[in-house]
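Computed from a prediction, not measured in an experiment: that's the story for all the values here. Throughout, numbering of the chain's residues begins at 1 and tracks the sequence.
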Amino acid sequence: MSLPFPSSRLIATFLVLLLLLSNVFSSPSSSSLRSVHQRHHLDNQNYKDALTKSILFFEGQRSGKLPPNQRMTWRSDSGLSDGSALNVDLVGGYYDAGDNMKFGFPMAFTTTMLSWSLIEFGDLMNSELSNAEDAVRWGTDFLLKATSHPDTIYVQVGDPNMDHACWERPEDMDTPRSVFKVDNNNPGSDIAGEIAASLAAASILFRKCDPFYSNLLLQRAITVFTFADKYRGPYSAGLKPEVCPFYCSYSGYQDELLWGAAWLYKATSNPTYLSYVQTNGRNLGADEFDNMFSWDNKHVGARILLSKEFLIHNVKALEEYKEHADSFICSVIPGAPFSSSQYTPGGLLFKMSGSNMQYLTSTSFLLLTYAKYLTSARTVVYCGGSVVTPARLRSIAKNQSLKFRNLKNLEVSGITSVNSKSFHMFLVKTEFVNIHNIKLLAPAESPNTDGIHLSNADHVSITNSKMATGDDCVSIGRGSNNVTIQGIICGPGHGISIGSLGKYKKEEDVSGIHVSNCTMIQTDNGLRIKTWGGSDPSRAADIKFENIQMQSVKNPIIIDQNYGSRGGDSQVAVSDVLFSNIRGTTITQNVVQLNCSKSVPCAGVNVVDVNLNYVGKKGKKQSASGGLVGAICDNAKVVFGGQLSFPTCAK
């Protein structure tokens, strides 16, 4: 059984690690991700370790006769008779997803992108470069076999329907190893164009280290592209039952012809391919709007690739591709006049409801690669009245990390995140999470840079960490339960908040929140519960703030049920709240501010042992407590007890 990711998604995983690797020299943050059984662990290992594991992942997908230096020793030879059904050698290549299928279309795209990644960022990989080159060669060796017969390409090995119905190791597989092909009678310009691109890109990669192999790849790329252009048509037209819905060519074949020609021009500098791009570009969709880059649609990738020739090599004939590339960039930039991309509240690019990570990582790769080209050309992108710098592109690409969704048993430790564009860390629909010993840093004036935001998170522990942000150090959103926050040093920032709650329709309840042994330093708020007016009914209950040290904190204890600007009474019922053993200094005269809902007043609020010295400017309302006016208790059933440094609310 091979590893459970399609190759098109596998390349996305590899690309995002290359992005992180390339950013390590411009950011003090470092992290790695590894999966051990059912436990996900993000700790303070370096990017090299993460990259090593991602390349090792490719070895787990290998088919064929495995080499002596195979590092995944639990894998062994498989598929040694592949191709025999049509008397051709198709041994090798990569299995797709958790299947024993070899789909040529995404496999070729995977190999193209591996080569492009190494061409642009290989010099950052040090000792891992040779392993990454081996991963490329394993793919191109198979593609050479698949294109060894004139005007014929073997595009797939295995019966996908029967294969998907049988879960077994490739070493033990007994499902049919059917072979499917395209030829001059049943064309496949899309897969042929992608294979031509893959071989051409790899020829650039191997040009210096293996000139003979490089030339072999290039000559085959030229032959395959000629076939793709001469016999036009999508491969899924003739092979629909075999390739659909698995890897249908939904976008047509025109993008692959442009993509293949672009790579051949880059590999050969032959004006024939430049002329091809100029003559056929418009008919092949070069000026059509696209902002999706994937195994199926290559238009955006071709534009970025061709723009390099204009930006760096001054090929004036390709200036329009720089303009097309800029249009794509403007469509991705959040807040730009022509932006058409969606982002989650935590700043994650959202492209597709299924397998979103492969699309956002391929987009991130293009952003970072284009930033490299712009830097070399000493120029920027203009989006209406907005100027987008290479640094902005890198920031967006880097921001597509530290978003955890639909995970169980996650551990995060030892990382530092600096100057995030939005939330540093965003947990959605996660369970049994342990976050400890991290640093999240952003300027005090930077908006919406929450340290950690939770939404529909259950059984979360956040401990022994430092957070200095422009917003909440920790914000606990809708549907979050059983959350422990302990040993946090927070400041500057907006403190630790439950909420905001009630902004959206039918929000889930929040309960079981325990904050203890934390230090707040010069924060704009201390311990806060905030809910929107005019909300749908929900509950926030069983909330404890205990043993908190404060230094010059504004608004130390606050419940604000008039948060936002929507109007109307909040219908979030706040109950069973404890503030206990809160000590230190404040710059706010009203230590406790409970502004609760008229419709559902706060119930069961206990304020016990709160001793805060006022160190702000003395106001006109001096009191015996040294400047503290006391507490505000609107629509709140509150019990005060223990030692208090301020006058309590009138009963």
Side-chain angles (χ1 to χ4, degrees), residues 23 27-31 42 334-335 343-348 392 395-396 398-404 412-428 430 433 435-455 457 460-477 480 483-501 503 513 515-530 545 548-558 560 563 584 586-588:
N23 281 321
S27 169
S29 60
S30 64
S31 64
L42 184 64
Y343 287 80
T344 70
L348 187 72
R392 179 78 189 280
S395 174
I396 294 172
K398 289 167 64 177
N399 194 51
Q400 303 309 307
S401 61
L402 297 183
K403 310 297 190 297
F404 303 102
V412 181
S413 71
I415 68 166
T416 297
S417 176
V418 180
N419 297 338
S420 174
K421 182 179 72 69
S422 185
F423 300 163
H424 288 260
M425 193 175 297
F426 192 21
L427 277 67
V428 184
T430 54
V433 178
I435 300 172
H436 61 95
N437 299 101
I438 65 172
K439 292 182 180 179
L440 308 177
L441 309 174
E445 65 276 9
S446 57
N448 302 316
T449 53
D450 295 45
I452 302 174
H453 179 72
L454 310 182
S455 177
V460 177
S461 172
I462 305 171
T463 61
N464 301 325
S465 297
K466 177 177 175 56
M467 303 178 193
T469 74
D471 213 301
D472 297 331
C473 290
V474 181
S475 54
I476 300 168
S480 296
V483 177
T484 298
I485 300 172
Q486 188 173 26
I488 303 301
I489 298 175
C490 171
H494 294 183
I496 295 176
S497 292
I498 315 300
S500 62
L501 304 177
K503 182 177 182 179
I513 313 301
V515 181
S516 66
N517 300 309
C518 296
T519 300
M520 324 291 285
I521 302 173
Q522 297 179 355
T523 54
D524 286 351
N525 297 287
L527 310 171
R528 180 166 56 157
I529 300 172
K530 51 184 178 179
F545 299 98
I548 308 297
Q549 186 71 33
M550 295 187 173
Q551 298 178 21
S552 300
V553 170
K554 183 179 180 181
N555 303 319
I557 296 172
I558 181 169
D560 180 5
Y563 186 80
T586 177
I587 60 172
T588 301

Only residue of Ile476, Asp472, Val483, Leu527 satisfying side-chain contact (heavy atoms from CB on, under 4.5 Å) with Ile498 is Ile476
In terms of heavy-atom contacts, Ile513 and Ser480 come closest through CD1-O, 4.0 Å
Shortest non-hydrogen pair, Asn525 vs Met520, comes out as O-CE, 4.4 Å
Distance col, row His436:NE2 vs Ser413:OG, nearest 0.5 angstrom, shows 4.0 Å
Kindly say whether Gly493 contributes a backbone atom to a donor-acceptor pair with the side chain of Thr523 at under 3.5 angstrom? no
With heavy-atom distances below 4.5 Å as the criterion, would you say the side chains of Val433 and Leu454 are in contact?
no
Output for pair (Ile496 CD1, Ile485 CD1), nearest 0.5 Å, gives 5.0 Å
Taken in chain and number order and not counting sequence neighbours, the residues that satisfy side chain to side chain donor-acceptor pair (under 3.5 Å) with Asp560 are none
Tightest non-hydrogen contact, residues Ser475 and Gly499, listed as CB-O, 3.7 Å
Value for CD1 (Ile548) from CG (Asn517), rounded to nearest 0.5 Å, stands at 7.0 Å
dist Thr588:OG1 -> Lys554:NZ (nearest 0.5 Å) comes out at 6.5 Å
- request: Indicate, with yes or no, whether the SG-to-SG separation of Cys473 and Cys490 is under 2.5 Å.
  value: yes
When rounded to the nearest 0.5 Å, the distance separating CD1 of Ile489 from OG1 of Thr519 is 5.5 Å
Which atom pairs, one a donor and one an acceptor, fall under 3.5 Å between side chains of residues 460-467 and the rest of the protein, sequence neighbours left out?
from	atom 1	to	atom 2	distance (Å)
Ser465	OG	Asn437	N	3.2
Ser465	OG	Ile438	N	3.1
Ser465	OG	Thr463	O	2.9

In terms of heavy-atom contacts, Thr469 and Asp450 come closest through CG2-C, 4.5 Å
Taken to the nearest 0.5 Å, the spacing of Ile587 CD1 from Asn555 CG works out to 8.0 Å
